[in-house]
Participant: 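Have a look at this one before I ask anything.
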Amino acid sequence: MLAVTTFALLVVMAMAMVRGFAGPTIFDRVLAANLFGTKTVLLIAVLGFLFGRPEFLDIALIYALMNFISVIALLRYFEHTQKAEKGSSTHE
Amino acid sequence: MSNLLEVLSGILLLTGSGLIFTGTLGVLRFPDIYSRMHAAGVTETLATTLLLSGLMLLAGWSLVLLKLIMILLFILFTSPTASHALAKAVWRHQQHETLREESHDA
């Protein structure tokens, strides 16, 4: 059963990457990155159970922390460049 | 007793993986960013709860169960916040777009 879940998670991560590459706007890519990160957390947890290694769950927890921080940082960065563009457009 | 837990966790894991598949299919096929965010939200909260509770049944009463609960709580707190931040950024971006078009037309 864990192998089926692992396979489903890998397929889902591939689909999230397809959305990441195809995504027209930047925010589709941020959404794909967030989705990919959450699925990685689940993949690490399931693999931890599959290989019988309970330590993987600490890695999954830390990865969940990092994923959240990176999404917020990405959005904050794009918000910053918005202001720079807006600043320059008003100078025209 | 133990194979009942096995069967129950198998059911939870199966429904969880089915849900993430349909949710991510929605992320691929929906037309605009907001509906894609809804589809991604479904996978992040509901399917994660199902998958992790399926693993919890496998783990039984141990430290692993506590770690799984921690992961589940953390994801349930942060993924809506991230989706909200993303939605706000998209909305801001669209506001700037309309502002810029108006400033060019005027």
Side-chain angles (χ1 to χ4, degrees), chain A residues 1-2 4-9 11-16 18-19 22-28 30-32 34-39 41-46 48-49 54-58 60-65 67-72 74-79 82-83 85-86 89-90 92, chain B residues 6-7 9-14 16-21 23-25 27-29 32-33 36-37 39-41 43-45 47-48 51-52 54-55 58-59 62-64 66-68 70-72 74-75 77-79 81-83 85-90 92-96 99-100 103-104:
Chain A
M1 199 49 64
L2 287 172
V4 169
T5 318
T6 318
F7 179 69
L9 278 167
V11 165
V12 161
M13 287 159 87
M15 287 158 74
V18 164
R19 169 49 57 198
T25 64
I26 320 163
F27 301 107
D28 291 303
V30 173
L31 181 72
N34 183 20
L35 192 65
F36 195 87
T38 317
K39 294 304 162 273
V41 169
L42 289 175
L43 187 69
I44 297 171
V46 170
F49 271 81
E55 311 87 42
F56 279 15
L57 290 176
D58 309 336
L61 185 65
I62 291 171
Y63 199 90
L65 294 164
N67 177 37
F68 176 59
I69 304 284
S70 66
V71 166
I72 300 297
L74 267 173
L75 292 177
R76 189 55 61 88
Y77 171 72
F78 291 133
E79 220 168 292
Q82 295 305 319
K83 288 211 175 38
E85 276 157 29
K86 203 166 97 52
S89 68
T90 47
E92 284 146 25
Chain B
E6 297 281 333
V7 169
S9 84
I11 294 167
L12 283 176
L13 286 174
L14 263 185
S17 35
L19 268 173
I20 52 173
F21 183 72
T24 313
L25 202 63
V27 168
L28 275 180
R29 288 178 56 87
D32 71 336
I33 179 73
R36 279 185 208 132
M37 248 187 277
T43 67
E44 270 161 32
T45 45
T48 307
L51 281 177
L52 287 180
L55 290 180
L58 283 180
S62 67
L63 187 62
V64 170
L66 179 68
K67 286 179 190 170
L68 278 169
M70 285 300 146
I71 293 176
L72 181 60
F74 187 78
I75 288 185
F77 278 119
T78 52
S79 82
T81 323
S83 307
L86 182 60
K88 195 180 85 166
V90 172
R92 271 259 182 83
H93 180 70
Q94 281 166 356
Q95 293 308 105
H96 285 308
L99 270 178
R100 184 173 303 135
S103 65
H104 285 318

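Values below: all heavy atoms of this structure, side chains included; hydrogens, waters and symmetry mates excluded.
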Participant: Does a side-chain heavy-atom distance below 4.5 Å link I71(B) with V41(A)?
Facilitator: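 They are in contact (side-chain heavy atoms under 4.5 Å apart), so the answer is yes.
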Participant: Please classify the contact between L57(A) and chain B as side chain, backbone, both or neither, with a heavy-atom cut-off of under 4.5 Å.
Facilitator: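 For L57(A), the contact with chain B is made by backbone and side chain together.
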Participant: Who pairs with T25(A) by side-chain hydrogen bond (donor to acceptor under 3.5 Å, both in side chains), at least two apart in sequence or on another chain?
Facilitator: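 With neighbours one apart ignored, the set is D28(A).
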Participant: Looking at I20(B) and K39(A), what are the two nearest heavy atoms and their distance?
Facilitator: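 Looks like CG2-CE, 3.6 Å.
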Participant: Can you tell me which portion of A47(B) sits under 4.5 Å from chain A's heavy atoms? Options are side chain, backbone, both or neither.
Facilitator: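 Neither; nothing under 4.5 Å.
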Participant: Please flag which part of F74(B) lies under 4.5 Å from any non-hydrogen atom of chain A: side chain, backbone, both or neither.
Facilitator: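 The answer is the side chain of F74(B).
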Participant: Can you list the steps and then say if K67(B) with L61(A) is a side chain to side chain contact (heavy atoms under 4.5 Å, CB included)?
Facilitator: CA-CA 8 Å; K67(B) 286 179 190 170; L61(A) 185 65; over 6 Å; no
Participant: Verify side chain to side chain contact (heavy atoms under 4.5 Å, CB included) between T43(B) and V12(A), making sure each step is shown before the conclusion.
Facilitator: CA-CA 10 Å; T43(B) 67; V12(A) 161; over 6 Å; no
Participant: Could you tell me which portion of V71(A) (side chain, backbone, both or neither) has an atom closer than 4.5 angstrom to a non-hydrogen atom of chain B?
Facilitator: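 Answer is side chain: those atoms of V71(A) sit under 4.5 Å from chain B.
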Participant: What's the shortest heavy-atom distance between R36(B) and P24(A), and which atoms?
Facilitator: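 Reported closest heavy-atom pair: NH1-CD, 4.3 Å.
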Participant: Under 4.5 Å heavy-atom distance to chain A, tell me which part of L86(B) shows up: side chain, backbone, both or neither.
Facilitator: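 Both parts, backbone and side chain.
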Participant: Identify which part of L42(A) has an atom lying under 4.5 Å from any heavy atom of chain B, answering side chain, backbone, both or neither.
Facilitator: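 The answer is the side chain of L42(A).
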Participant: Give, as side chain, backbone, both or neither, the part of L63(B) having an atom under 4.5 angstrom from any heavy atom of chain A.
Facilitator: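 Neither part.
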Participant: Non-hydrogen atoms of chain A under 4.5 Å away: do they reach the side chain of I75(B), the backbone, both or neither?
Facilitator: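 Side chain only.
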Participant: Quick one: which of N34(A), V30(A), L9(A) has the most heavy-atom pairs under 4.5 Å with chain B, could you say?
Facilitator: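 Of N34(A), V30(A), L9(A), N34(A) has the most heavy-atom pairs under 4.5 Å with chain B.
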Participant: Heavy atoms only: give me the nearest L75(A)-A82(B) pair and the separation to one decimal.
Facilitator: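 Taking every non-hydrogen atom into account, CD1-O, 4.3 Å.
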Participant: Mind listing the closest non-hydrogen atom pair of L28(B) and R19(A) along with its distance?
Facilitator: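 Scanning both residues completely, I find the closest heavy atoms to be O-NH2, 2.6 Å.
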Participant: Among the options V64(B), L25(B), L52(B), pick out the one with the most heavy-atom pairs lying under 4.5 Å from chain A.
Facilitator: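 Greatest number of close heavy-atom pairs with chain A: V64(B).
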Participant: So for L65(A), is it side chain, backbone, both, or neither that comes closer than 4.5 Å to the heavy atoms of chain B?
Facilitator: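 Looking at L65(A), backbone and side chain both touch chain B.
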Participant: Roughly how far, to the nearest 0.5 Å, is the CG atom of N67(A) from the OG atom of S79(B)?
Facilitator: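 Between S79(B) OG and N67(A) CG, I get 9.5 Å after rounding to 0.5 Å.
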